[in-house]
Structures are given as structure tokens and as C-alpha cells.
J.: 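Quick one: this structure, given as C-alpha cells, is what I'll be asking you about.
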Number of protein chains: 2
Amino acid sequence: MFHLIKREWPIIFNEELQSFLTASNKKSLSMAADALHITQPTLSYRIKKLEKDLGFKLIERNWEGIKLTNEGQYFLPYAVRILEDLKNVQNVIGFNSDGNQATYEIVHKNEGIFRIGINSLLSSLFTESFIMELSNDHPDLEFDIITRPTNILKNLIDYKGIDLAVYYGNETHIHTHSSLIGTEEVVLLCHEDDFHDIQKNLDNLQSFNKPFLSYDNPVLSNNIELLDIILTTLNVRAFKTLDNWIIMASYIAAKKGYTIIPRSSVSQMINLSSAPLKTIPLGDMFPHIKMYMSHPKDSIFKGPINSIKNLFE
Amino acid sequence: MFHLIKREWPIIFNEELQSFLTASNKKSLSMAADALHITQPTLSYRIKKLEKDLGFKLIERNWEGIKLTNEGQYFLPYAVRILEDLKNVQNVIGFNSDGNQATYEIVHKNEGIFRIGINSLLSSLFTESFIMELSNDHPDLEFDIITRPTNILKNLIDYKGIDLAVYYGNETHIHTHSSLIGTEEVVLLCHEDDFHDIQKNLDNLQSFNKPFLSYDNPVLSNNIELLDIILTTLNVRAFKTLDNWIIMASYIAAKKGYTIIPRSSVSQMINLSSAPLKTIPLGDMFPHIKMYMSHPKDSIFKGPINSIKNLFE
DNA sequence: GTTCGTTACGTAGCTCGTAAAGATA
DNA sequence: TATCTTTACGAGCTACGTAACGAAC
């Protein structure tokens, strides 16, 4: 059934990223150049160009070889993911040397499919009811649901990659065809054992010696301005960014910090955590978070969109 | 505290992907060319080149405008994520026009930090114990934990992006410095109401009219060969790929299908689901899944690696 | 004729390899 | 000298805009 093409590198965009990764692997430009079957000055040129384009240095050079800079280290997982994404796309929609479609025979039909995107934190809250509602109201409708960060959802709406998006509002641009579907207060979430220490220091968490845990990097997170207000108001100093919600739940369960999230996300965090967690409502201290749904203005899926909209009324 | 640069496009690699996305947004090459401030033949050339490099057509052209192909539609979210990734990196490690580091002052220190990567499905199982163990054994050690798909973890080990990886084994290349840390049977997971129908048709699920739910696309998923065996043995016909585990839990809760996963992942799925789920052990029918940990051969983190290794003995 | 698209073609600039040079032991 | 790196430079290729062309109504 499956006919996997094992690509070493994706076909496009590879050269500069591939050069950087191979250099990181070999810890030497000349050895990396060998491995890539190019000359060493060419590799040097490519990495210089990548650094110039990115705007920061990736590699420290010296006479005994190379070492990644902090920025290079930070960039590396992104480079890996980009190349892996491209490899995967090309493996799925690839053609082998005979010109036949290669990877598997499932046709990636997209026409007529109602595509929904939900912000990751909201998906455990809404996905099931969306499935139920659409199955009931539009039994013949095919639909797909994906979860992505808010900013990606907004882009996908713009570029007609999805037909409906549901997300927490943030300060980046707001779509004309978006509607407010709810408002929520934020709550502080912590381990039961940390509860009293945090509550008595709420105006100055600097004296609480565990870090504020933030999802992903601050730029990826949805509300940079709100985050800024929170950190300032609570006088937070210790700060740790984590990769995702599962990791965050584990950190809190291990009493290694606390976080602040919208109230509706608490249940998901409690489900993910093995330990007893406590919440402190912060509705009075901070602006509430708004939930939106948006869709392209000329969507052919008026019916399904209204079905979803009705869920929030 | 935060100084966000709002980039419309990332600086590098943008041109072809940006051209494609703008074309999708405008549904017209000439209008997209206008929006990008390039001439229309140039845009046409860029998209042709992108199609040639990718190996498949992205756009159907005709006299009244353009329309994405199925492949183009499939590729679009990848293009969005790649550009979003690049934007985020450049926003975090960006320099503004004054030459000052822009986004926020947190230094992305990487030296001396023990970096762990865990496969997404395993992370809820292990993360907390890793945190506990490392905190006890190495109280001064700074560490980071990220979750990624298995293939990305393997690449990150190769390119020295992380110091330790924990993942389910698959058929792609195996690291020399990897050790087996456990073995698991696979189980079928379904809604309580579907349990009896599935159990009595286990040799021929074709007659069960709900789809087998697979995580992500088959190429991304960890065990293409195992998946192939499963689908063949159970005679599965209906097949649906989903974006992530939360969506999968919702589909099963909504009685829209079933899946097969390693036993240790069942608890996470049950936590994510609002409905009563049932499992059917399949240990006799299929090969067991192996869990591995691996690390670069010249790691400076021998101590922490052994602490983690001890957890599995 | 107008509005979509593509093809043709010359130029500017980019990318490559070869060759030479700089740094450190 | 050996082993890393970078700089210099010319040849060939690529990507761009201008101009011309094709198709549909």
C-alpha cells in the first residue's frame, strides 16, 4: 500500500540549510564540504550568505574548526523542521523516476472539503462538538480539522488554506470577516503545594522563586502585549519558555513553575497533569481574552460556517 | 520588556513561497504580481520554478485566472508554516534598523544546557520523571525538553541540536549510540459503543464502516511498515489522517473511527477524550514497538544521560 | 478590445570552482 | 609544514524586466 521514497534532502531550498546542518554535524567546514561534494570556499560562501540573509551569525570560526553560536543553536531546530516538512511534502506528493505518483495512492482531494483550523489550546474544548454539529447538520459534508498556532491560522485564512478558523484574539491583524464568539478571564495555574506561596505574593511574584512558564517562544505565543502586562504587573523575574502544553503540564506537576492561561484551557492542563493543580482567578487584574472565528469573505461554505457559529449563541 | 518586530515576510527563502501564497490569496497572477511589486512574467517564472523544484503542479491556469491544484492545496499549509517559522526566528533573534537586538532581551543561551527531545506521544509518559530525576541527580544542571516527531528527533541528534532523544523505533536509520529502553504491544482504541462491532470483525474490519484514524500523514508517522501490516492484516479500507492526538481523541469520542497505538499512549488518549473508550490488545497479531533513547557519541553530558538511562532499568 | 495568461530575449548579478592568502600550532 | 579558515576573481548560470504573443469572451 505504501511506497515510501526515502529522501536524504528535499529537492528545493535545501542548499543553504543543508550546508548549515552538515557543518553543525561535522563541526568543520572542510569536512562538511567534502560530505556535500562541494568545495570548501563554496560552503563558506553559502553559510555567509545564509547568515547575511537571516541577519545573525550562525557559526563561530577559528583555526581548529567551527562552533555554533547561540543564535545558530536556536535556529537549528527550525532548519531541521523546514527541511523535514519539505521532504515530507515531496514524499507524499512525489513522483518516482518512472514518472508515477510514488508514495501512496490516497488521492489528496481537497475540493469540496470544509477545512477548519483551531488553535491548539482550544481544540480539546471544541473539536468534538464541531464534529457532532457538522455530522448532524450536514451529513454528507466532508470536513477536516487541523490545529495550529493562531498566527498560522490567520495566514491560512488569508491564503485560502482553510475555510474557518477559531482562535484566541491577539494584537496582530484582525480579519474583516471575524466574529467574537466568547470572552474569558485568565487564571493562574500551579501545583497545589505552591498555591499558598503564590497567592500571598500575587503582587510581587519576584519573591516566589519558581519561574513563570510560557508556551513556546514569546513571538509565537498569542498575546505578546498581554504577556508583557502580566509579567510587569506581577513583577515576574524568572521566566522559562516551553515547547508545548504537555511539557508545561509536566513542569507544573513537578513543582517547577506556574503559568497563566485562559480559564477554558484549565481542564485540558488538568487532564494532562498527573498531580493536583490549583487555579487562582485573575479576572480583575488583567483584560479578558477574546475568542474569535473567522472565514474568507467569499466562502462557499456558508451553511457549515453558520452551523458552527450557532454553537456559540 | 518585549519589542516585537512585525514582519510581513521573513527575509530569506521567501520569494517563491511568498509568490505562491500571494497568488493563492489573489486568485490571479497579475493581481498577485501587483501586490508583490514585480512584473507578471516574473511571478509566472517564479511559480514555474517552484513547481519544477517541487516536482508537482501547484496551480491550474486558465484565461480567467488561476486555481490551486490538489497538490497545491496540500502544499499550502507547509508553505505557511515554513514562512511563519522563519519569521519567528528572525523576530526572536532579530536586529532592528538601529542594529540593536530587537525582540526581547532574554539571551538564548545554549551552551551548557542539556537538551532533551521526546517523541510527542511519549512525552506525557516520561517528561515529569525526567524533570524529577535530573533535578535530584544534577541540581545545578540546566535542561530543556522539547517534543517533536521521531524523524525530527533523529535529525536533531545528528546535527547536534539536542543531547538526548527518546522515541518509538521505526524503520528509518538507527543511530549507533542508541539503546533499547522498552518494548510495547499495540492496542486498538475505540469508543465503548463501537467495541463489540470491532471485536467481532477483527479479522476483516472492512465490514466495520468507520475509518481507521492515522496520526498526521503516513510519511510523518513513525512506522510506515507497521502501519502497512496493520492495514493489510485487518483488511482496513476506510482510512483518515488527522492532524494530531487531540483531534484523534475527539474523533474517537464522537464515534467517528478507531485507531491503533502503543499501549503506553492509551492513558494520554483517555485523558484527552471526554467519552468512555475501550481497548483491544493486539500483542499477538503485530510486532511489538520498541522504544529507544539515543545521543551523540561524543556528548559532554554523560552523567545526565546515565541518570535518564537508569530510569529504564 | 480587454483581460487573463505564456514565451522570447538581453542584461545584471549571483554562485560556483580554482587559486592564493591568513591564522595558529 | 599542516590544517583550519577567508579572500580574489573569472566563467557560467539564473532571475529579472521589457516586449511580443496566445486564448477567451
Side-chain angles (χ1 to χ4, degrees), chain A residues 9-69 71-73 79 83 86 159-160 298, chain B residues 9-69 71-73 79 83 86 159-160 298:
Chain A
W9 298 100
I11 292 168
I12 61 158
F13 292 137
N14 58 359
E15 284 159 342
E16 291 177 6
L17 295 181
Q18 169 185 345
S19 299
F20 166 60
L21 291 180
T22 307
S24 172
N25 171 249
K26 301 288 184 189
K27 300 292 174 216
S28 146
L29 288 191
S30 34
M31 286 174 67
D34 265 6
L36 292 165
H37 307 295
I38 57 175
T39 63
Q40 190 276 329
T42 297
L43 180 61
S44 191
Y45 171 85
R46 282 190 192 168
I47 289 178
K48 274 219 179 66
K49 178 167 187 306
L50 182 58
E51 290 176 325
K52 179 172 152 281
D53 288 344
L54 284 168
F56 49 85
K57 259 185 102 173
L58 294 167
I59 287 177
E60 304 280 4
R61 292 100 162 144
N62 64 43
W63 68 271
E64 48 187 357
I66 58 160
K67 206 188 101 198
L68 296 201
T69 60
E71 288 82 5
Q73 197 66 255
L83 291 179
L86 289 169
Y159 303 134
K160 318 283 166 75
D298 50 358
Chain B
W9 298 102
I11 291 168
I12 63 157
F13 292 139
N14 59 1
E15 282 159 342
E16 291 177 5
L17 295 181
Q18 168 186 348
S19 299
F20 167 59
L21 292 179
T22 306
S24 172
N25 170 249
K26 300 288 184 189
K27 301 293 174 214
S28 145
L29 289 191
S30 33
M31 287 175 66
D34 265 7
L36 293 165
H37 307 297
I38 57 174
T39 62
Q40 190 276 331
T42 297
L43 179 62
S44 190
Y45 171 85
R46 283 190 190 167
I47 289 178
K48 273 219 180 65
K49 178 166 187 310
L50 182 59
E51 289 177 326
K52 178 172 151 281
D53 288 345
L54 284 168
F56 49 85
K57 260 185 100 173
L58 294 167
I59 286 177
E60 305 279 6
R61 292 99 161 145
N62 65 41
W63 66 270
E64 47 187 356
I66 58 159
K67 205 188 102 197
L68 296 200
T69 61
E71 288 80 6
Q73 197 65 254
L83 290 179
L86 289 169
Y159 303 134
K160 318 282 167 76
D298 49 357

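We name chains A, B, ... by the order of the sequence lines, and we start the count at 1 in each one.
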J.: Quick check: do A:I59 and A:T69 have side-chain heavy atoms less than 4.5 Å from each other?
T.: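 In short, these two side chains do not touch, never coming nearer than 4.5 Å.
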J.: For a 4.5 angstrom cut-off between non-hydrogen side-chain atoms, does B:K27 reach A:D298?
T.: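 Side-chain contact under 4.5 Å: no.
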J.: Rounded to whole Å, how long is the line connecting atom NZ of B:K52 with atom C1' of D:dT14?
T.: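 Going from NZ in B:K52 over to C1' in D:dT14 covers 10 Å.
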J.: C:dG17, OP1 or OP2 - any side-chain N/O from A:T39 closer than 4.0 Å?
T.: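 Result: yes.
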J.: Just to verify, what does B:S44 make a side-chain hydrogen bond (donor to acceptor under 3.5 Å, both in side chains) with, not counting sequence neighbours?
T.: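 B:S44: no side-chain hydrogen bond (donor to acceptor under 3.5 Å, both in side chains) contacts found.
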J.: Kindly indicate whether the side chain of B:T42, heavy atoms from C-beta on, has any atom under 4.5 Å from the side chain of B:L36.
T.: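 Contact flag for B:T42/B:L36 side chains = no.
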J.: Does B:K160 have more than 12 heavy atoms from other residues, nucleotides or ligands lying within 6.0 Å of its NZ?
T.: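 Atom NZ in B:K160 is crowded, with more than 12 foreign heavy atoms closer than 6.0 Å.
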J.: Roughly, in whole Å, what's the span from CD in A:E15 to P in C:dT15?
T.: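 Those two atoms, CD and P, are 10 Å apart.
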J.: How many Å lie between CD1 on B:I47 and P on D:dC16, as a whole number?
T.: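 Rounding to the nearest Å, CD1 of B:I47 and P of D:dC16 are 12 Å apart.
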J.: Using a 4.0 Å cut-off on protein heavy atoms (strictly under), produce a 5'-to-3' string for nucleotides 2-13 of chain C with B for base contact, S for backbone-only sugar-phosphate contact, and - for none.
T.: --SSBB------
J.: Using whole Å, what does the distance between atom C1' of nucleotide D:dT14 and atom CG of B:D53 come to?
T.: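 Rounded to the whole Å, the gap is 12 Å.
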J.: Take the protein atom CG of B:D34 and the nucleotide atom P of D:dG17, then report the distance between them rounded to whole Å.
T.: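 For the pair B:D34 CG and D:dG17 P, the rounded distance is 12 Å.
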J.: Is there a side-chain contact between A:K49 and the phosphate of C:dT15, meaning an N or O under 4.0 Å from OP1 or OP2?
T.: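 True: A:K49 side-chain N/O within range (under 4.0 Å) of C:dT15 OP1/OP2.
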J.: Rounding to a whole Å, what distance do you find between A:I38:CD1 and C:dT18:P?
T.: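 After rounding, the gap between these two atoms is 12 Å.
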J.: Quick one, A:Y45 and A:T39 - any side-chain contact, counting heavy atoms below 4.5 Å?
T.: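 Side-chain contact under 4.5 Å: no.
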J.: Please determine if a side-chain N or O atom of B:R46 lies less than 4.0 Å away from the OP1 or OP2 oxygen of D:dT14.
T.: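 So the side chain of B:R46 is outside the cut-off, no N or O lying under 4.0 Å from OP1 or OP2 of D:dT14.
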